K.L.:
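Below: one structure in C-alpha cells.
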Amino acid sequence: MNNNFDKRKKFVFIFPQLLLSLMFFLLTSCSGSDYLNSIPGESTALISMDVNKMSGINNQTLLKAMFHVSDLSDCGLDLTSKIYFFESADGNLGLCVKVSDEDDLNDLFTNLAKQGVCQQTKERRGFHFTVLKDSWVIGFSDKAMLVMGPATVTAQAELQNQMAKYLKQDEDEGIKGTPIYDKLDSIDSPIAMVTQAQALPEKFVAPFTLGAPKDADASQVYIAADMNVAHGCLNINSEAFSFNKHVDKALKDASKIYRPIKGRYVKSMPSDALVGMFMNVKGVQFLPMLQNNKGMQALLMGINSAIDMDNIIRSVDGDMTIVMPSFAATNLQMSMSAELANANWLGDVDYWKQSCPKGGHISDCGKNFYYYTDGKMTFYFGVSADKQFYSGSSESQAEASIQASKKPIADDLQKQIKGKKMVMVINLSSVKDDKISTLTSFIQPILGKLNSIVYTLK
C-alpha cells in the first residue's frame with residue numbers, strides 16, 4: 001500500500017518533467033524553421049518572401065513557372081512557409097523552400113524528368129539532386145529544397161558538393177541567428193531584403209552608400225529594405241546601415257543631409273534612359289560624402305580631370321538630378337541638372353581652358369555654356385539665366401536636362417520621387433548588367449514582368 005502510494009507520488013512529481021522534456025524535444029527537433037539551416041550562414045544577401053501576404057499572388061506561382069507544371073498539390077513542398085532568396089559568399093544565387101514530404105518531392109522530379117524539364121534525380125552524399133534548365137542545380141532533403149546557380153556543366157558537380165554541405169548544416173552553421181537574418185526578420189513586409197552593398201552592382205548601389213567613412217571596408221556597409229510590386233515596378237524602400245557602430249553612425253548622419261525632393265527635374269528623365277538619380281541637397285554638405293565614395297568618384301573621374309566638378313557641386317542648393325541614358329566604362333553618357341545657390345565658378349572657366357589635360361580642350365558654346373572634349377569623351381555644361389546648372393554628353397542632351405522630356409518617365413514613377421530623400425529609378429529594359437538581369441529573371445515568375453526598379457532612401 002505504501003509502495004503504491006510512493007509510486008503515485010513519484011509519478012506525479014516526474015510527469016510534468018517528462019511532459020516539458022517532450023515539448024522541448026518536439027519544438028527543437030521539429031521546428032518549422034529548420035529548413036533555414038540550409039541557407040549558408042555567410043550569405044552576402046538575403047531576401048524573404050511571404051507569398052501568403054502578397055496581394056494578387058498565388059503562393060504556387062513561382063514554382064509552377066519554374067517547373068512548368070499546372071498543379072503542385074502533393075508536390076512535397078510546404079507552400080505556406082516563407083521562401084528565401086540568397087547570394088552565397090562565392091556569388092551563386094540561391095532559393096530555399098521548405099520540404100513537407102521528401103518522397104513526394106522526389107516523385108515530382110521523376111515525372112518532370114520524363115517530360116524533359118529536368119534531369120533524373122541522383123543521390124549524392126545522402127541527398128537528392130537534379131539539374132533544371134541545364135544551369136540551375138536542385139538539391140533537397142526531408143527539410144529543405146535548394147536551387148542554386150547558374151552553373152556551367154563542368155561546375156555543377158562541385159556546386160552539388162557545396163549544396164550537400166549546406167543541406168547537412170545545423171542551426172549553428174546556417175543563417176538563423178546571424179546578424180543579417182536577425183535584421184531581415186525585424187522588417188515587417190511581405191518582401192524584405194538585407195544585403196551587403198558590395199553584393200549589388202556598384203554603379204547602382206553607390207549613391208545609397210554615401211556617407212560611409214572612406215576607410216570603411218566594403219563588406220561593412222549593408223542595405224536593408226522592404227519591397228513591394230505595383231504596375232510592373234519593384235519599389236525598394238531602403239536604408240544603409242552597418243553592424244559596425246562607427247560606420248553605422250556615419251551613414252545615419254549622412255542621411256540627414258538630404259532634404260525632400262521638390263520634383264523640378266522628374267519630367268526631365270526620358271522613359272528609355274537607363275538610370276535617374278534624384279535628390280535635394282546643399283552642395284557644401286553633400287560634397288564631402290561624394291568625395292569619400294569610390295563609386296561616385298569613378299563616375300565623375302573623366303569629367304573632373306578637366307572641369308572642377310567639386311566646385312560646381314559645392315554651389316548646388318536645391319534639387320539635383322543625374323541621368324545616365326546608358327552606361328559603359330569607356331564611353332560615359334551622363335547629364336546632370338541642379339538648382340544653384342551661385343555660379344561663382346564661372347569665373348574659373350578661363351583657367352580650366354588653360355589647364356586641360358593633354359589632348360583635351362574646353363570651348364565656348366554660347367553664353368555661360370561650354371563643352372569639353374578629349375577625342376574620346378565630350379561633356380557640355382552651362383548655367384541658365386535663372387541659375388540652373390545643365391549638362392550632358394551632347395549639346396541637345398545638356399539643354400534637355402532642365403526641360404521636360406517629350407517622353408518622360410511614367411506619372412506613377414514621378415509621384416514616387418517627389419517628397420523623398422533620395423531616389424534612383426532604373427529602367428530594366430536598358431540594363432545590361434548580368435547580375436541584375438539574372439536576379440530579375442529569377443524572381444520574375446512570382447513578381448510578374450518588371451519594367452523598372454525604384455530605390456528610395458528612407
Side-chain angles (χ1 to χ4, degrees), residues 44-50 53-54 85 179-213 216 218 220-231 233-263 265-266 275-282 285-286 288-290 292-293 295-296 318-322 409 412-426 436 447 450 452-458:
T44 57
L46 193 61
I47 298 174
S48 66
M49 288 188 182
D50 190 343
K53 294 181 180 179
M54 295 166 64
F85 294 91
I180 192 173
Y181 175 79
D182 291 341
K183 181 70 174 181
L184 183 82
D185 199 42
S186 71
I187 301 173
D188 184 17
S189 174
I191 314 177
M193 175 182 75
V194 178
T195 174
Q196 284 186 9
Q198 65 177 6
L200 299 172
E202 185 180 44
K203 56 181 173 282
F204 295 122
V205 77
F208 293 87
T209 62
L210 284 166
Q220 293 179 313
V221 181
Y222 286 77
I223 302 291
D226 59 84
M227 300 186 284
N228 64 79
V229 178
H231 310 296
C233 176
L234 176 61
N235 303 302
I236 304 177
N237 304 305
S238 69
E239 63 169 336
F241 76 99
S242 177
F243 297 114
N244 178 293
K245 291 182 179 180
H246 169 65
V247 176
D248 189 61
K249 184 180 184 303
L251 290 166
K252 296 293 188 292
D253 289 344
S255 69
K256 298 173 184 177
I257 290 175
Y258 300 106
R259 303 177 297 197
I261 300 166
K262 293 182 292 185
Y265 304 115
V266 295
V275 172
M277 184 172 71
F278 303 83
M279 67 188 78
N280 185 297
V281 293
K282 196 165 186 175
Q285 296 175 331
F286 180 67
M289 297 197 311
L290 197 66
N292 282 343
N293 189 282
M296 294 300 291
D319 275 7
M320 182 168 79
T321 298
I322 295 175
I409 54 174
D412 57 335
L413 294 179
Q414 295 179 31
K415 290 176 183 177
Q416 291 186 66
I417 298 170
K418 295 178 181 179
K420 302 295 175 59
K421 283 185 174 182
M422 178 195 280
V423 178
M424 176 180 282
V425 177
I426 301 174
I436 285 187
L447 300 181
L450 296 174
S452 55
I453 297 175
V454 175
Y455 276 100
T456 303
L457 185 66
K458 289 182 180 180

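Below, each value reflects all heavy atoms present in this structure, side chains not excepted, and no hydrogens, waters or symmetry copies. Computed from a prediction, not measured in an experiment: that's the story for all the values here.
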K.L.:
For Val221 and Ala212, which heavy atoms make the closest approach, and how far apart are they?
P.N.:
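What the structure gives for the nearest pair is CG2-CB, 4.0 Å.
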
K.L.:
With rounding to the nearest 0.5 Å, note down the distance linking OG in Ser189 to CG in Asp50.
P.N.:
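If we round to the nearest 0.5 Å, Ser189:OG and Asp50:CG are 9.5 Å apart.
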
K.L.:
What do you reckon, is NZ of Lys262 surrounded by more than 12 foreign heavy atoms closer than 6.0 Å?
P.N.:
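Yes, enclosed.
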
K.L.:
Tell me whether Ser242 contacts the main-chain N or O of Gln220 through its side chain, where contact means a donor paired with an acceptor under 3.5 Å.
P.N.:
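Yes.
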
K.L.:
Is there a side-chain contact (heavy atoms from CB on, under 4.5 Å) between Ile236 and Ile223? Walk through the geometry before answering.
P.N.:
CA-CA 10 Å; Ile236 304 177; Ile223 302 291; 5.7 Å; no

K.L.:
Looking at every heavy atom in both Met227 and Leu234, which two are closest together, and how far apart are they?
P.N.:
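Heavy-atom minimum between the residues: CB-CD1, 4.2 Å.
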
K.L.:
Could you pull out the closest heavy-atom pair between Ala197 and Thr209, with the gap in Å?
P.N.:
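Nearest pair, atom of Ala197 first, then Thr209: CB-CG2, 3.6 Å.
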
K.L.:
May I ask you to check whether over 12 heavy atoms, not counting those of Lys249, lie within 6.0 Å of atom NZ?
P.N.:
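Open.
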
K.L.:
With side-chain contact (heavy atoms from CB on, under 4.5 Å) as the test, would you mind laying out the steps for Asn228 and Ile191 before giving the verdict?
P.N.:
CA-CA 7 Å; Asn228 64 79; Ile191 314 177; 5.9 Å; no

K.L.:
What heavy-atom pair brings Leu457 and Ala240 nearest, and what distance separates the two atoms?
P.N.:
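Of all heavy-atom pairs spanning Leu457 and Ala240, the closest is CD1-N, 4.4 Å.
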
K.L.:
Please find the pair of heavy atoms, one from Gly419 and one from Pro260, that lie closest to each other, and give the distance.
P.N.:
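Heavy atoms of Gly419 and Pro260 come nearest at O-CB, 3.8 Å.
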
K.L.:
Check Ser452 against Leu413 and note the closest heavy-atom contact, atom names and distance.
P.N.:
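The pair with the smallest heavy-atom distance is OG-CD2, 3.9 Å.
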
K.L.:
Donor-acceptor pair, distance only, cut-off 3.5 Å: does the side chain of Asn293 make one with the backbone of Ala206?
P.N.:
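Indeed, once roles are kept as given, a pair shorter than 3.5 Å links the two residues.
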
K.L.:
So how far is it from Met289 CE to Leu251 CG, rounded to the nearest 0.5 Å?
P.N.:
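Rounded to the nearest 0.5 Å, the CE-CG separation comes out at 10.0 Å.
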
K.L.:
Can you confirm if the aromatic rings of Phe243 and Tyr222 lie within a centre distance of less than 6.0 Å?
P.N.:
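So the answer is yes for these two rings.
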
K.L.:
Less than 4.0 angstrom from a charged side-chain N to a carboxylate O is my criterion; do Glu239 and Lys183 meet it?
P.N.:
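Looking at Lys183 together with Glu239, the answer is yes, because their closest N to O distance falls below 4.0 Å.
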
K.L.:
Got a second to check how far Phe208's CZ is from Lys421's NZ, nearest 0.5 Å?
P.N.:
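Here the interatomic distance stands at 12.0 Å.
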
K.L.:
What I'd like to find out is whether the side chain of Leu210 reaches to under 4.5 Å of the side chain of Ile257, using heavy atoms alone.
P.N.:
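SC-SC contact between Leu210 and Ile257 ruled out.
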
K.L.:
Check salt bridge (Lys or Arg N to Asp or Glu O under 4.0 Å) between Lys252 and all other residues, then give those that pass, not counting sequence neighbours.
P.N.:
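In terms of salt bridge (Lys or Arg N to Asp or Glu O under 4.0 Å), with neighbours along the sequence ignored, Lys252 is linked to Asp248.
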
K.L.:
If the threshold is 4.0 Å, N to carboxylate O, is there a salt bridge linking Asp253 and Lys256?
P.N.:
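Salt bridge between Asp253 and Lys256, a charged N being under 4.0 Å from a carboxylate O: yes.
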
K.L.:
Rounded to the nearest 0.5 Å, what separation is found between the OH atom of Tyr181 and the CG atom of Leu46?
P.N.:
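Reported value, rounded in 0.5 Å steps: 8.5 Å.
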
K.L.:
Restricting to side-chain contact (heavy atoms from CB on, under 4.5 Å), what partner residues turn up for Val423, sequence neighbours left out?
P.N.:
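Counting only residues at least two positions away or on another chain, Val423 forms a side-chain contact (heavy atoms from CB on, under 4.5 Å) with Ile261, Ile417, Lys420, Val425, Val454, Thr456.
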
K.L.:
Tell me, do Met279 and Pro207 make a side-chain contact under 4.5 Å, heavy atoms counted?
P.N.:
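Counting from C-beta outward, Met279 and Pro207 never come under 4.5 Å.
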
K.L.:
Donor-acceptor pair, distance only, cut-off 3.5 Å: does the side chain of Asp319 make one with the backbone of Gly263?
P.N.:
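Between the backbone of Gly263 and the side chain of Asp319 there is a qualifying donor-acceptor contact (under 3.5 Å).
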
K.L.:
Check whether any side-chain heavy atom of Asp226 lies under 4.5 Å from a side-chain heavy atom of Lys458, and answer yes or no.
P.N.:
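Contact flag for Asp226/Lys458 side chains = yes.
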
K.L.:
Can you sort out the partners of Thr321 under side-chain hydrogen bond (donor to acceptor under 3.5 Å, both in side chains), two or more places apart, ordered by chain and number?
P.N.:
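If we apply the side-chain hydrogen bond (donor to acceptor under 3.5 Å, both in side chains) test to Thr321, skipping adjacent residues, there are no hits.
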
K.L.:
When you compare the side chain of Val275 with that of Ile322, does any pair of heavy atoms fall below 4.5 Å?
P.N.:
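Answer no - side chains too far apart.
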
